[in-house]
Protein chains: 2
Amino acid sequence: MAEMDTRTPRERYRTQVRAEIKEHAWEQIATTGATALSLNAIAKHMGMSGPALYRYYASRDELITELIRDAYRSLADTLHSASLAGADLTVLAHAVRGWALAHPQRYLLIYGTPVPGYHAPDAITLISSEIMAILLDACAALPSDSPATPFDAHLADHRDWADGHPAPPAVLHRALSFWTRLHGVLSLELAGHFTGMGFDPALLFAAELDDLSAHRGDGGPGD
Amino acid sequence: MAEMDTRTPRERYRTQVRAEIKEHAWEQIATTGATALSLNAIAKHMGMSGPALYRYYASRDELITELIRDAYRSLADTLHSASLAGADLTVLAHAVRGWALAHPQRYLLIYGTPVPGYHAPDAITLISSEIMAILLDACAALPSDSPATPFDAHLADHRDWADGHPAPPAVLHRALSFWTRLHGVLSLELAGHFTGMGFDPALLFAAELDDLSAHRGDGGPGD
DNA sequence: AAGATTAAGTTAGAAGGTATCACGAATCTT
DNA sequence: AAGATTCGTGATACCTTCTAACTTAATCTT
């Protein structure tokens with residue numbers, strides 16, 4: 001049975017309206033993009049007048065910040081699930097890609113062009129490092145006998161972002177490459193820079209992924 | 001001697017004002033970002049009233065389109081110069097990075113999150129394939145004895161974007177990897193996703209570049 | 001040179017955006 | 001039931017892009 005909700009009806013109503021606002025916001029973002037998000041339109045769509053929204057979100061920026069946080073949370077949860085069900089890099093990569101293609105505006109909200117004056121609050125940094133931890137675990141699972149590069153040496157001394165994760169520099173390096181390479185393909189694809197070029201972005205993504213898992217692996221027959 | 005300018009003074013004045021508008025636009029974009037570009041602010045900054053700008057640009061979108069075109073042109077020229085002065089991939093990559101760091105908003109305008117309803121006109125597609133041609137030339141200059149991947153086979157049949165360039169599929173593949181990997185690092189760096197992580201993005205960029213030039217090159221220790 | 005034409009710049013205003021404020025009304029608390 | 005709190009509203013201020021009408025000025029034609 002549900003335990004007694006200690007919150008007052010007012011509070012429950014409030015959180016429900018906040019959630020409904022975000023729902024409409026996502027709907028609008030999915031069609032018109034994040035920059036064109038309009039509080040007025042959301043309000044009218046919900047049957048109330050513009051300024052009423054300001055009872056729930058102090059500003060447009062605050063709403064967007066919460067949307068970004070939710071997007072991070074959604075991605076982190078997706079990765080967490082994938083990581084539980086067999087956490088190798090390939091599975092993880094396809095989870096990321098699937099999520100990004102299902103919610104392009106969410107991905108772009110996180111990793112796209114930043115809002116000029118925007119600064120990520122700590123809550124987001126936390127989720128971000130949670131994602132990084134999953135990635136580092138997956139990278140650590142792969143063997144790595146590649147020679148230490150100059151960048152590896154640099155990483156040995158600059159591993160704040162690993163947040164205490166005991167991975168060796170080569171693994172840190174691999175995680176960063178994983179992140180930046182997949183983002184390179186994904187962001188260009190989502191931005192539409194491949195449309196009209198003729199090839200299938202999914203295959204390029206897979207090729208980059210193959211290269212990541214193979215060429216510094218067990219020294220075996222890479223592919 | 002300057003040859004007679006056949007244009008009327010009106011036309012010369014017109015192009016000069018258009019150029020001045022773009023200059024102010026870049027100034028504003030550099031500080032506040034592209035989404036916050038305001039025609040009104042530009043006009044007031046130039047000492048004339050808002051609607052006057054519409055004599056020179058039919059809409060805000062038309063101005064932005066021309067800015068994007070100029071940004072593409074600037075990048076293409078930069079790459080062209082670099083390509084003339086010894087066109088190996090490393091030089092090219094550092095030219096791109098230098099340009100991107102010098103004009104972050106220009107880079108983001110080209111490769112960042114797209115404007116929802118925006119569609120690139122043909123003039124831009126032309127410059128884009130000009131850039132691709134330079135990249136393909138540089139990639140073709142490197143030896144390539146890597147085994148054909150499934151993606152290579154796919155590229156053999158989907159090479160419209162190469163625009164008649166006679167590069168073999170492996171070179172096309174390398175060009176795409178070059179593009180996406182460097183963009184992966186650059187875009188995340190420009191978006192500020194590395195700030196606070198501690199490591200030096202320049203070294204990550206260099207490491208990615210090393211990997212690109214080395215591991216499928218001379219048959220080195222890679223595989 | 002005088003008149004007609006064209007272009008440029010102005011003000012006014014429509015439509016829409018964020019955000020603040022003051023006020024009435026609904027609701028929770030006591 | 002009375003009081004305090006919160007919600008939603010309309011009015012308002014100040015932005016934005018963009019259109020329309022009007023004035024002024026430069027240029028072209030006769």
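The figures that follow rest on heavy atoms only: side chains count, while hydrogens, waters and symmetry mates do not. None of the values given here were measured: they were computed from a predicted structure. So that the names make sense, note that chain A is the first sequence line, chain B the second, and so on, each numbered from 1.
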How many Å lie between [atom1] on [X] and [atom2] on [N], as a whole number?
X     : N      : atom1 : atom2 : answer
B:I42 : D:dC18 : CD1   : C1'   : 15 Å
A:L39 : C:dT20 : CG    : P     : 11 Å
B:E20 : C:dG9  : CD    : P     : 11 Å
B:I21 : C:dA8  : CD1   : C1'   : 12 Å
B:R14 : C:dT6  : CZ    : C1'   : 12 Å
A:M46 : D:dG8  : CE    : C1'   : 12 Å
A:L63 : C:dA19 : CG    : P     : 10 Å
B:L37 : D:dC15 : CG    : P     : 17 Å

message: Using only atom types and a distance under 3.5 Å, with no angle test, would you say the side chain of B:R18 pairs donor to acceptor with the backbone of B:Y57?
response: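 Between the backbone of B:Y57 and the side chain of B:R18 there is no qualifying donor-acceptor contact (under 3.5 Å).
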B:R159 side chain vs B:H154 backbone, donor-acceptor pair below 3.5 Å: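 Absent.
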message: For a quick test of reading the model, state the closest non-hydrogen atom pair linking A:L209 to A:L89 and the distance between them.
response: CD1-O, 4.4 Å
Within the pair [X] and [N], is there a side-chain N or O less than 4.0 Å away from OP1 or OP2?
X     : N      : value
B:S59 : D:dT17 : no
B:S38 : D:dT17 : yes
A:Y13 : D:dG8  : yes
B:N40 : D:dC15 : no

task: Determine, for B:W26 and B:R106, whether the Lys NZ or Arg CZ falls below 6.0 Å from the six-membered ring centre while staying within 45 degrees of the axis.
output: yes
Would you tabulate the nitrogen or oxygen pairs shorter than 3.5 Å linking the protein to nucleotides 28-30 of chain C?
none

message: Suppose the criterion is salt bridge (Lys or Arg N to Asp or Glu O under 4.0 Å): which pairs have a residue in residues 79-93 of chain B, not counting sequence neighbours?
response: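 Salt bridge (Lys or Arg N to Asp or Glu O under 4.0 Å) check on residues 79-93 of chain B returns no pairs.
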- prompt: Among D:dG10, C:dA19, C:dT11, which nucleotide sits nearest the side chain of A:R60?
  reply: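 Of D:dG10, C:dA19, C:dT11, C:dA19 is nearest to the side chain of A:R60.
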message: Among residues 50-58 of chain A, which ones have heavy-atom contacts with DNA chain D below 4.0 Å?
response: A:P51, A:A52, A:R55, A:Y56
query: For B:S177 and A:E208, does a side-chain donor sit closer than 3.5 Å to a side-chain acceptor?
result: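 Their side chains do contain a donor-acceptor pair, which is all the 3.5 Å distance test asks for.
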task: Tell me, with the steps shown, if A:S187 and B:H183 meet side chain to side chain donor-acceptor pair (under 3.5 Å).
output: CA-CA 9 Å; A:S187 66; B:H183 168 72; 2.9 Å; yes
- prompt: Do A:R181 and B:D211 pass the salt bridge (Lys or Arg N to Asp or Glu O under 4.0 Å) test, and can you show the C-alpha distance, the side-chain angles, and the key distance before you say yes or no?
  reply: CA-CA 12 Å; A:R181 289 187 196 179; B:D211 194 75; 3.1 Å; yes
task: Check whether any side-chain heavy atom of B:Y54 lies under 4.5 Å from a side-chain heavy atom of B:L39, and answer yes or no.
output: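 Of all side-chain heavy-atom pairs linking B:L39 with B:Y54, at least one is under 4.5 Å.
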